[in-house]
Amino acid sequence: MSEKNIKRIGMLTGGGDCPGLNAVIRATVKTAISEFGMTVFGIKDGFEGLIRDGDCVYELTPAHVRGLLPRGGTILGTTNRGNPFSFPAQRNGRTVAVDKSRTVMNRFKALGLDALVVIGGDGSLSIAHQFAERGMPVVGVPKTIDNDLSATDYTFGFNTAVRTATEAIDKLHTTAESHHRAMVIEVMGRDAGWIALSAGLAGGADVILIPEIPYRAASICAKVRARAQAGCDFSIVVAAEGAKPLRGRSVYLDAKRKRLGGVGEKVAADITKHSGHETRVTVLGHLQRGGSPSAFDRILASRFGAAAARLAARGEFGRMVCLQGADIASVPIAEAIGKLKTVPPHGELVQTARDLGISFGD
Ligand code: F6P
C-alpha cells in the first residue's frame with residue numbers, strides 16, 4: 001500500500017496501564033495528522049471498544065492530546081480482560097468465553113479504518129498478531145513497566161517504575177536504620193526481575209529476590225545476620241512479586257486469577273523466625289504503574305508513537321516498533337510475542353550487584 005492510501009487509523013491501549021501511554025498517543029496523533037494528513041480515531045478500553053455498542057470510537061484531534069505528555073495513565077482507557085478471541089459473556093447465569101473476533105473485524109471495516117495501532121504488552125500484541133493473521137493492518141507499540149518484552153531493549157514505563165521503587169527504597173532506608181529493622185519491599189515483576197534488580201541496585205539494597213534466581217530463606221537470614229554482626233543492624237530486601245523459594249512456588253493473592261502478591265510477607269516471616277530481627281513489609285503495588293513519566297520514558301514513548309505513525313503511513317503492517325541499542329527500529333510482531341526477556345542470572349547486572357555485596361538469597 002502506498003503512503004497516500006492510509007488515511008484513517010485507529011488506536012487503542014491494552015493490558016495494564018503504564019507511564020508514557022499518553023505520550024505515545026500524543027506522538028502518534030501529532031505525526032499522523034501533521035506529517036501524513038491522516039485522521040486518527042481513539043478506541044476506548046482496548047479491543048473491547050470495538051466490541052461494545054455505544055460511543056467507544058471517537059476522532060482524536062490535536063486538541064485532545066494537548067498537555068498529555070506529562071500525564072500518567074491512558075486517556076483511551078484500558079483493560080486486561082477483554083480478549084476478543086475469548087470474550088466473557090453471560091449465558092444462563094454463567095460466565096462463558098465466546099469468540100468476538102468477527103465482531104472486531106466487522107467493526108474495523110465499518111469504521112473505514114486503514115490501520116490499527118495497538119499499544120500493549122505481550123497479551124495485547126498476541127491478540128494484535130491474531131488479527132494481523134486474519135488480514136487486519138496492524139502496527140504494534142510495546143508497553144510494560146516490567147520491561148520483559150523481547151525484541152525491544154527497553155519499554156517506556158519501566159524507567160518511571162524503577163524511579164518510583166528507588167525513591168521508596170531511599171525512604172525505607174532511613175526508617176530501617178532508625179529502628180534497626182529489616183525492611184522488605186515487594187515490587188512488581190511477574191516473570192522478570194528487572195524492576196527489583198534495577199531499583200535494588202539504584203537504592204543500595206542488601207538482598208534482591210527475583211523470579212530468575214530462586215532463593216533460600218536461610219541465605220537471606222545469613223545476610224541479615226552478617227550485616228548485624230558487622231555493625232549494620234538494619235537491612236533492605238527488595239523482592240519481585242514473582243520471586244520464589246528454591247523448591248517452592250510463587251505466592252498468589254488470588255491463584256485462580258493469577259494475581260501475584262505476598263512474597264514480601266513470606267520473606268519477612270522467614271527473617272523474623274530465623275534471625276529474630278524485627279521486620280516490616282511494604283508492598284509498592286500499583287504505585288509503580290502510576291504518575292508522571294520520567295524524561296526518559298517521555299522521549300522513548302514519543303519516539304515509539306511517531307515511529308508507529310510512520311510505519312502505518314508506509315503500509316508496513318504486522319510489525320512492532322522497538323528500541324535496538326540507541327535506534328528505533330521495527331520487527332515482525334510474531335517475533336516479539338510469546339518469549340519473555342528475563343534477567344540473565346549470570347549476566348553483568350547480576351554480577352555487578354554481587355560484586356557490591358548484594359545477596360540474591362541463593
Ligand atoms: O504486567 C505488568 C504488571 O504490572 C505486573 O507486574 C503485575 O503482576 C500485573 O501487571 C498486575 O496487574 P493488575 O493491574 O491486573 O493487578
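We count ligands from 1, going down the list as the structure has it; atoms in each ligand are counted the same way.
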- Message: Side chains of T74 and D17: any donor to acceptor distance under 3.5 Å?
- Response: no
- Taken in chain and number order and not counting sequence neighbours, the residues that satisfy salt bridge (Lys or Arg N to Asp or Glu O under 4.0 Å) with D45 are R52
- State whether the side chain of K223 and the backbone N or O of G357 hold a donor-acceptor pair below 3.5 Å, judged by distance alone. yes
- Residues sharing L260's hydrophobic cluster, by side-chain heavy-atom contacts under 4.5 Å among ILVMFWY, directly or via others? Y252
- Message: A quick test of your reading: do over 12 heavy atoms of other residues, nucleotides or ligands sit less than 6.0 Å from CZ of F85?
- Response: yes
- By side chain to side chain contact (heavy atoms under 4.5 Å, CB included) - contacts of P344 (at least two apart): W194
- Task: Check each protein residue for a heavy atom under 4.0 Å from ligand 1 and list those that pass, ordered by chain and number.
- Result: N80, I145, D146, M188, G189, R190, E241, H286, R289
